Amino acid sequence: MDDRAAQRTDDGPEGRGTRRQGRHALTEHGAQPAPPLPTALDGAVLRPTPPGHEPDRSAERAPRRTAGPRQLRRADAAPQPPRAALPDPTPVARDLARCVVEILAGARELDQIARWVTDDVHRHLQVRVRLAARARSVRRTAPRRPVFSIGSVIVREPSDGVAEATVIVHARARTRAVAIRLEGRDGRWRATAVSVL
């Protein structure tokens, strides 16, 4: 990501990364592809995978590099930013929930949100993605963009630099909830736990 995209990321919830909720709905399989969706997660455009094409999972199967002892000590010693230095967590939670639903449906690449989740969350989602892909293979159904809308977003902040969000996702067949724990790191929110209920 170039410096201009990174600058837009730090603009906060009022920056260019946010859009009205009405544009979050996606088209069904066979309809005209929806335009790329700008999100509060990043100034860059996250492009959904075209319908009927299973994403390449080879990069996900490769082992992720872990920080060495020196890097871990530096990360642990680094002070966390105060709450005043962090943006509103609500748009981040909303967009993360939307991306996670699309990822599990096979319509979006997991690595597109790698910068916004911890390694543990990335590994957890990798397992969910493989299970979802296996279930589609058994049913002989191709991945497609799910049709859903984001409902209410409930956010509470139990401590400084920590936000816990519950995002309601309304689909045609069912309503689900995505629980996300966000922690402030390097002046931005990162998900340290994600659960799709």
Side-chain angles (χ1 to χ4, degrees), residues 1 6 8-15 17-19 21 24 37-44 46 60 63-67 71-105 107-132 146 148-171 174-197:
M1 178 180 298
R8 290 198 295 273
T9 301
D10 296 332
D11 289 341
E14 302 299 328
T18 59
R19 291 293 185 274
Q21 181 175 326
H24 286 171
L37 296 173
T39 70
L41 301 183
D42 207 338
L46 299 180
E60 297 177 9
R64 292 172 60 85
R65 297 178 60 185
T66 58
Q71 292 174 308
L72 291 175
R73 284 197 295 270
R74 285 198 298 269
D76 293 339
Q80 297 300 320
R83 176 62 183 88
L86 294 167
D88 181 3
T90 301
V92 177
R94 180 187 297 114
D95 287 333
L96 263 177
R98 178 163 48 85
C99 287
V100 167
V101 171
E102 293 173 352
I103 287 167
L104 295 181
R108 188 179 294 276
E109 295 283 356
L110 174 58
D111 283 342
Q112 290 184 351
I113 63 169
R115 183 171 180 260
W116 299 95
V117 300
T118 61
D119 284 349
D120 286 342
V121 172
H122 192 279
R123 285 190 290 267
H124 168 71
L125 291 176
Q126 275 184 335
V127 174
R128 294 291 303 268
V129 166
R130 285 195 290 268
L131 291 175
F148 65 92
S149 62
I150 299 296
S152 59
V153 181
I154 303 170
V155 178
R156 59 184 295 270
E157 300 185 35
S159 59
D160 189 41
V162 175
E164 296 175 346
T166 301
V167 183
I168 305 301
V169 180
H170 300 289
R174 61 186 296 193
T175 296
R176 311 179 75 177
V178 181
I180 302 173
R181 178 182 172 91
L182 300 170
E183 295 184 11
R185 301 185 180 183
D186 300 325
R188 59 187 172 88
W189 295 106
R190 291 189 71 191
T192 58
V194 174
S195 179
V196 181
L197 307 177

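Numbering starts at 1 and runs along the sequence shown. Treat the numbers as computed from the prediction; the structure is a model and nothing was measured.
For the pair Ala191 and Val121, the tightest heavy-atom approach, listed with the atom from each and the gap, is O-CG2, 3.5 Å. Listed here is the closest heavy atom pair of Ile180 and Ala93: CD1-O, 3.6 Å. Contact record, Leu86 with Gly187: CD2-C, 3.6 Å, taken as the closest heavy-atom pair.
Contact check for Val101 versus Arg108: no side-chain heavy atoms found under the 4.5 Å cut-off. Between Ile150 and Val169, some side-chain heavy-atom pair lies under the 4.5 Å cut-off. Inter-residue side-chain proximity for Val92 and Asp95 is flagged as unmet; no heavy-atom pair is nearer than 4.5 Å. With a 4.5 Å cut-off on side-chain heavy atoms, Arg98 and Phe148 count as touching. The closest side-chain heavy-atom distance from Val162 to Leu182 is not below 4.5 Å. Residues Val100 and Leu125 meet the side-chain proximity criterion, which asks for heavy atoms closer than 4.5 Å. Arg185 places a side-chain heavy atom less than 4.5 Å from the side chain of Thr118. Side-chain atoms of Glu109 and Ile103, non-hydrogen and from C-beta on, never get closer than 4.5 Å to each other.
To the nearest 0.5 Å, the span separating CZ on Arg188 from CD on Glu183 amounts to 13.0 Å. Gln126 CD to Leu131 CG: the interatomic distance, rounded to the nearest 0.5 Å, is 12.0 Å.
Taking the side-chain contact (heavy atoms from CB on, under 4.5 Å) definition, one finds that Ala177 meets it with Thr166, Ile168, Leu197, sequence neighbours left out. With sequence neighbours excluded, the residues satisfying side-chain contact (heavy atoms from CB on, under 4.5 Å) with Thr90 are Asp88, Arg94, Val153, Val155. Partners of His124 under the side-chain contact (heavy atoms from CB on, under 4.5 Å) rule, at least two apart in sequence or in another chain, are Arg128. Checked against side-chain contact (heavy atoms from CB on, under 4.5 Å), Ile154 has no partners two or more places apart in sequence or in another chain. For Arg190, there are no side-chain hydrogen bond (donor to acceptor under 3.5 Å, both in side chains) partners at least two apart in sequence or on another chain. Scored by the salt bridge (charged side-chain N to carboxylate O under 4.0 Å, His left out) test, Arg156 finds Glu164 as partners (sequence neighbours excluded).
His170 and Ser149 are not linked by any side-chain donor-acceptor pair at a separation below 3.5 angstrom, with hydrogens and angles left out of the test.
A distance-only check finds a donor-acceptor pair linking the side chain of Trp189 to the backbone of Pro87 [under 3.5 Å].
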